[in-house]
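In what follows, a structure is listed as structure tokens, so that the remarks can point back to it.
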There are 2 protein chains.
Amino acid sequence: MKQGAGRKSLQDYPRPSVAVDTAVLTVDPDAGLAVLQVRRPNARGWALPGTFLHQGEILADAVQRSLADKADIHGLDPRQLHVFDALGRDDRGWVLSVAHVAVVPAERLSTRFAGTTRLVPVDTPGRLVYDHAAIIELAVADVRARYEAAPDPDRLLAGEFTLRELRLVHEAVAGRDLQRDTFRRAMEAQLKATGALAGRGRGRPAELFRRV
Amino acid sequence: MKQGAGRKSLQDYPRPSVAVDTAVLTVDPDAGLAVLQVRRPNARGWALPGTFLHQGEILADAVQRSLADKADIHGLDPRQLHVFDALGRDDRGWVLSVAHVAVVPAERLSTRFAGTTRLVPVDTPGRLVYDHAAIIELAVADVRARYEAAPDPDRLLAGEFTLRELRLVHEAVAGRDLQRDTFRRAMEAQLKATGALAGRGRGRPAELFRRV
DNA sequence: CTAATAGTGTCTCTCAGACACTATTAC
DNA sequence: GTAATAGTGTCTGAGAGACACTATTAG
């Protein structure tokens, strides 16, 4: 049905609050693929970092702000996953949440607030609020799909790396071992050999590669 | 930065308007894969059907309502694609738009409002407002990916159909010819033969299949 | 009979997976 | 020398693409 008398202006409609919630994933040397959680500010338990969208702010900026505030993490490249819009999902009222995923090297998480944040393996995320378990599942599926197609698309590794280093990152993301020779042949086409050798450690020195 | 004195409540933040915009796709006998457009109500040109989210409404319901109102189309199964949140994207103010895609059989579009709607091939969508060209691209990519993996996942065909009928639908979606024998072998594993024959038309009668 | 469509046998090529071999280092 | 790691040759099996053959109908 159209409005009866004249056209409703934008201001006449009640508006939902819009929030962002982010699954910040990293490859932890101990835990493997892990997700950052923050202590809930006014309640018990843990949650994904999130915030309400401020006026005149785009979603990606809200994600960055929430992580700067809650965990002192900067320079993220968040990707949208899904809008969660169930009516009863937030007891504070009518809140839509735009779920995001961001992948950062573990070193960049070193400055995070120790008492109010934790890193948890994605397979055992613990008891979480709202739709946060579903967000983690979407985030993991997204990152795994992207890492199947390209060498370290989220730049967990710096400029040059050996195929062993690359494979260990991909194994952590995939959550399973990958075959050495098959992995090399799949990735080599998307890499550029530098000619330089890694030299450190035992065994034959490995060649260093760069992304194409 | 946290708020200085006390905790801001939900009501203290200005909120964006939230809209939905939907690319309704169909396979038209003439145009192939086509998208439904509606005349802009208070301006020139054409746009994807959309509406503002009403209070206490979920996104999928807003999509259904906008299509019932603007084109008398019912029973959609919309899927979310992306949130468009650029600040200058809507001159009516601060509006987030959640893009959706829905696929419907061409017959279901027969009741659409003739003067205020049109069906346009997805390759030549014409000049559109806002981000609507981008929404169509996302919608087409989404539907093509799903039709590569499964036989007619959006049920453009009714219960039983021949492999020829199925292939013609998939060719329209893909926008290119598909090889008859390869297509059959790929899809047959995901279908159940009924034993019945189609009988109509020239040539050897084709067997009828159902989805698994 | 011919034309048209359905269904299938089969060849080739590519590629993932797997195994094994050689190459180069530390010790 | 042994242990460890890097790099590669090669076999196998699955599957996509392509071609061609047979099968069944209308006319």
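A, B, ... follow the sequence lines: proteins, then strands. Residue 1 opens every chain. All heavy atoms count here, side chains included; hydrogens, waters and symmetry mates do not.
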Quickly, which of A:V103, A:V101, A:L67 forms a side-chain contact (heavy atoms from CB on, under 4.5 Å) with A:L76? Name it, please. A:L67
Using atom CZ of A:R167 as one end and atom P of D:dA6 as the other, report the distance to the nearest whole Å. 7 Å
Taking the basic N atoms (NZ, or NE/NH1/NH2) and the acidic carboxylate oxygens, is any pair closer than 4.0 Å for B:R167 and B:E171? yes
Residues touching DNA chain C, which here means a heavy atom under 4.0 Å, drawn from residues 205-212 of chain B: B:P205, B:A206, B:E207
side-chain contact (heavy atoms from CB on, under 4.5 Å) between A:D154 and A:L25: does it pass, once the steps are laid out? CA-CA 10 Å; A:D154 291 316; A:L25 301 183; over 6 Å; no
Roughly, in whole Å, what's the span from CE in B:M187 to C1' in D:dA16? 13 Å
With a 4.0 Å cutoff (strictly under), does any side-chain N or O of A:R164 reach OP1 or OP2 of D:dA6? yes
Taking CG from A:D177 and P from C:dA16, how many angstroms apart are they, rounded to a whole number? 19 Å
Between D:dG17 (C1') and B:R176 (CZ): distance, integer Å: 11 Å
Step by step, would you call B:V38 with B:F113 a side-chain contact (heavy atoms from CB on, under 4.5 Å)? CA-CA 9 Å; B:V38 299; B:F113 303 134; over 6 Å; no
Within the distance-only criterion (no hydrogens, no angle test), does the side chain of A:D85 pair as donor or acceptor with the backbone N or O of B:L59 below 3.5 angstrom? yes
Requiring both pairing distances under 3.5 angstrom, list the stems that contain DNA chain D and are made of three or more consecutive Watson-Crick or G-U pairs. C:1-27 with D:1-27
Could you tell me the separation between the CZ atom of B:R184 and the C1' atom of C:dT8, rounded to a whole number of Å? 8 Å
Between the main-chain N or O of A:V120 and the side-chain N or O of A:Q37, is there a donor-acceptor pair closer than 3.5 Å? no
Supply the atom-to-atom distance A:L163 CG to A:E188 CD, rounded to the nearest 0.5 angstrom. 6.0 Å
Find out whether B:V35 and B:V24 are in side-chain contact, i.e. whether some heavy atom of one side chain is under 4.5 Å from a heavy atom of the other. no
5'-most by nearest nucleotide on DNA chain C - B:L163 or A:T182: B:L163
So, is B:Q179 near the phosphate of D:dA18, with a side-chain N or O under 4.0 Å from OP1 or OP2? yes
Looking only at side-chain N and O atoms, does A:R202 come under 4.0 Å of OP1 or OP2 in D:dA3? no
Take B:L156 and B:F161 through the side-chain contact (heavy atoms from CB on, under 4.5 Å) test and state the conclusion after the steps. CA-CA 11 Å; B:L156 288 168; B:F161 44 81; over 6 Å; no
Between A:L178 (CG) and C:dA18 (P), how many Å, whole number? 11 Å
Please report the distance, rounded to the nearest Å, between CD in A:E188 and P in C:dC15. 14 Å
Interatomic distance, B:E165 CD vs C:dG7 P [rounded to whole Å]: 11 Å
Report the nucleotide, chosen from D:dG7, C:dA6, D:dG17, that has the shortest atom-to-atom distance to any side-chain atom of B:R180. C:dA6
Check: A:R204 side chain, D:dG7 base, donor-acceptor under 3.5 Å: no
Start with the C-alpha gap between B:V18 and A:R15, add the side-chain angles, then the distance that decides, and say whether side-chain contact (heavy atoms from CB on, under 4.5 Å) holds. CA-CA 7 Å; B:V18 175; A:R15 304 171 179 189; over 6 Å; no
So does A:R185 get a side-chain nitrogen or oxygen closer than 4.0 Å to the phosphate oxygens (OP1/OP2) of C:dC15? no
